[in-house]
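Data first, discussion second: the structure below is written as structure tokens.
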Amino acid sequence: MAAIRAPAETLWKSLNLSTELLSRLHLSEQPDPAVNSSFRIGTAAQTVIGLSGLAAAEFHRLRTGTEQDVSVHVRHAVLECKSEAYYSAEGESGEKFALFDTLAGVYPTKDNSYVRIHTNFPHHKQGILDILGCKPTRESIAEAMLHWNAVEFETEAARRKMVATALRSFEEWDAHPQGQALANTPPVSLVKMGEAPKRCVQPNATRPLEGIRVLDLTRVLAGPVCGRTLAGHGADVLLVTSPKLPALPNLDIDTSRGKRTTQLDLNNPTDRETFSTLVDGADVFLQAYRPGGLAEKGFGVDDVAKRRPGIVYASLCAYGWDGPWRERRGFDSLVQTATGFNVAEAEAYAAYTGDTDASRPLPPKPLPLQALDHVAGYMLAFGIQAALCKTITEGGSWEVRVSLAAVGRWIRSLGQLDPAVAFEHGLPLPPRSMDDPEVSQYAVKVKQAQGSRGGTKLKTMTALAHAAKLSATPVKEGEAPMRLDAHLPEWLPRKTY
């Protein structure tokens with residue numbers, strides 16, 4: 001067990017947490033291959049989900065003195081890292097939605113390479129079409145992309161604030177200025193931003209994060225998964241989205257479970273004042289704007305720490321806070337392509353199939369799930385709860401930083417499996433059906449929240465349970481808002497003891 005727990009112990013110790021609870025973390029002893037990939041996705045998934053649960057247990061221990069075990073089954077952890085594919089809501093048609101827009105994906109370029117484009121948001125789709133000057137079909141995009149070199153298109157897309165990346169190998173990424181800027185960046189980091197009194201403990205708390213208020217300003221997967229995890233451990237998580245930005249309802253319904261949801265336009269003075277009031281009452285500020293984006297609105301890390309001493313300010317971005325790409329937008333699939341994963345996975349699969357004579361570069365092969373997103377989400381939850389522990393033991397205001405690219409470096413550092421082992425013995429993900437025997441054993445029923453606004457017939461959804469099992473304070477699934485404006489922009493009253 002010591003070897004299996006080694007990656008978790010290294011991360012835990014890197015945040016200078018007490019090592020007393022480490023022996024209480026129980027992980028699957030043969031985690032890889034837990035899925036058909038050459039990368040150690042099983043190790044990555046059970047490690048970060050285990051750490052997020054262990055950090056919750058540590059915060060609860062510091063408040064109440066109660067110790068407990070945390071257990072994670074690796075296959076459950078892997079499926080939870082694809083949770084957006086495994087849910088059903090009462091009244092739905094049964095037809096499964098596509099995880100990506102029909103135009104998204106990889107396209108060959110003029111210089112015998114590839115570019116991956118991300119078109120899930122309408123403005124990103126239109127922006128790519130405007131660059132290419134083509135019709136909104138895969139055939140038209142493929143034809144137009146052959147007039148571009150891969151890096152030239154990537155550069156032009158970034159200049160226009162669109163999202164596309166050129167295909168690179170690990171070696172090419174390591175030589176790239178952004179890869180070099182991230183060379184020594186940990187997957188999660190904590191920085192003390194300022195002084196504040198130590199947090200008062202609540203010895204009668206019945207859940208780890210009971211009474212903790214989390215402002216969640218994240219979208220898509222990584223940040224929302226973090227907020228969902230904190231909610232599962234008892235936090236009052238208020239997801240704040242803008243009514244003027246496009247939503248991803250097929251993702252939001254899963255990642256908002258356990259949260260309350262409201263909408264505010266931070267460009268509107270009245271809404272901004274309401275939001276400021278929420279900040280004043282928050283314990284955690286969770287955001288995934290591009291670096292510097294919220295500072296422009298007066299809610300950067302220094303602004304929030306000044307007005308709310310003792311807060312934990314957690315930030316997620318694509319490529320980190322240093323280097324030429326620090327302000328570049330990105331998503332999991334794009335970061336996989338840019339940083340070498342798609343090349344390495346394709347080469348490993350070719351070695352398994354014996355297709356070693358094919359011309360290079362091989363067509364990019366993505367990981368079987370959005371591993372960077374989900375691992376980053378649990379890494380954020382781990383970091384936030386570690387920082388909350390420090391507000392008890394040291395006091396102060398803390399910043400937590402996680403980037404998809406740095407998380408990718410950590411997954412890469414775990415090593416690759418022999419291709420024959422990875423693809424011969426690694427199980428594919430099960431069908432996207434809650435009736436599948438494997439999926440159903442991890443399923444739970446979640447009722448729709450009544451909300452503060454009413455006017456809706458309440459439904460029930462079936463989704464995946466949390467994979468981290470805490471012996472004394474098991475995760476409670478809570479309710480699901482199933483919409484982004486279900487609640488008023490206000491905090492729930494704190495429990496008095």
Side-chain angles (χ1 to χ4, degrees), residues 48 80-87 97-105 116-125 127-128 157 161-165 214-231 237-259 261 263 285-291 293-294 314-320 327-339 341 366-367 369-381 384 401-408 463-464 480-484:
V48 293
E80 194 177 6
C81 286
K82 186 77 170 180
S83 65
E84 68 276 11
Y86 298 111
Y87 72 83
F97 66 92
L99 297 176
F100 288 96
D101 177 73
T102 55
L103 301 184
R116 183 180 295 278
I117 63 173
H118 193 284
T119 54
N120 280 14
F121 288 117
H123 63 294
H124 287 159
K125 179 190 295 187
I128 294 295
K161 300 181 179 179
M162 295 299 111
V163 282
T165 51
V214 180
L215 263 183
D216 183 349
L217 279 75
T218 64
R219 306 168 74 201
V220 192
L221 278 176
V225 162
C226 171
R228 182 182 70 191
T229 303
L230 300 178
V237 180
L238 184 61
L239 174 61
V240 181
T241 56
S242 170
K244 294 187 176 180
L245 292 178
L248 293 171
N250 292 324
L251 297 181
D252 298 333
I253 189 173
D254 174 61
T255 58
S256 64
R257 286 185 285 129
K259 306 177 187 179
T261 62
Q263 294 199 305
F285 189 105
L286 171 61
Q287 65 91 19
Y289 281 67
R290 62 174 175 79
L294 276 178
S315 299
L316 170 77
C317 70
Y319 295 104
E327 294 186 0
R328 190 165 290 196
R329 294 157 173 81
F331 299 96
D332 178 304
S333 58
L334 300 177
V335 178
Q336 282 190 41
T337 301
T339 63
F341 280 93
L367 301 178
L369 43 80
Q370 303 294 95
L372 306 189
D373 262 336
H374 283 272
V375 170
Y378 293 108
M379 199 77 78
L380 263 175
I384 288 169
R401 286 183 173 183
V402 172
S403 74
L404 297 182
V407 165
L464 291 180
M482 299 194 195
R483 49 190 275 198
L484 293 178

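Fair warning: this is a prediction, and the values are worked out from it, not measured in the lab.
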Hey, are the side chains of [X] and [Y] touching, using non-hydrogen atoms and a 4.5 Å cut-off?
| X | Y | answer |
| --- | --- | --- |
| Asn250 | Glu84 | no |
| Leu316 | Leu380 | yes |
| Leu372 | Gln336 | yes |
| Asp254 | Arg228 | yes |
| Leu286 | Thr218 | yes |
| His118 | Arg329 | no |
| Thr261 | Thr241 | no |
| Leu217 | Phe285 | yes |

Specify the closest pair of heavy atoms between [X] and [Y], including all atoms of both residues, with the distance to one decimal.
| X | Y | result |
| --- | --- | --- |
| Tyr378 | Cys81 | CE1-SG, 4.3 Å |
| Ala381 | Cys226 | N-SG, 3.5 Å |
| Arg257 | Ala231 | O-CB, 4.4 Å |
| Asp216 | Pro224 | OD2-CA, 4.3 Å |
| Asp252 | Ala247 | OD2-CB, 3.8 Å |
| Phe341 | Gly408 | CZ-O, 3.1 Å |

To the nearest 0.5 Å, what is the distance between [atom1] on [X] and [atom2] on [Y]?
| X | Y | atom1 | atom2 | answer |
| --- | --- | --- | --- | --- |
| Asp101 | Ile128 | CG | CD1 | 11.0 Å |
| Cys317 | Glu327 | SG | CD | 10.5 Å |
| Leu404 | Met379 | CG | CE | 11.0 Å |
| Asp332 | His374 | CG | NE2 | 8.0 Å |
| Gln370 | Ser333 | CD | OG | 6.0 Å |
| Leu248 | Ile253 | CG | CD1 | 13.0 Å |

Determine, step by step, whether Leu464 and Tyr87 satisfy the side-chain contact (heavy atoms from CB on, under 4.5 Å) criterion, reporting the C-alpha distance in whole Å, the side-chain angles of both residues, the deciding distance to 0.1 Å, and the verdict.
CA-CA 7 Å; Leu464 291 180; Tyr87 72 83; over 6 Å; no
Measure up the His124 and Phe121 rings against each other and bin them: parallel (under 30°), tilted (30 to 60°), perpendicular (over 60°).
perpendicular
Passes side-chain contact (heavy atoms from CB on, under 4.5 Å), Ile384 versus Leu230? Steps please.
CA-CA 9 Å; Ile384 288 169; Leu230 300 178; 4.0 Å; yes
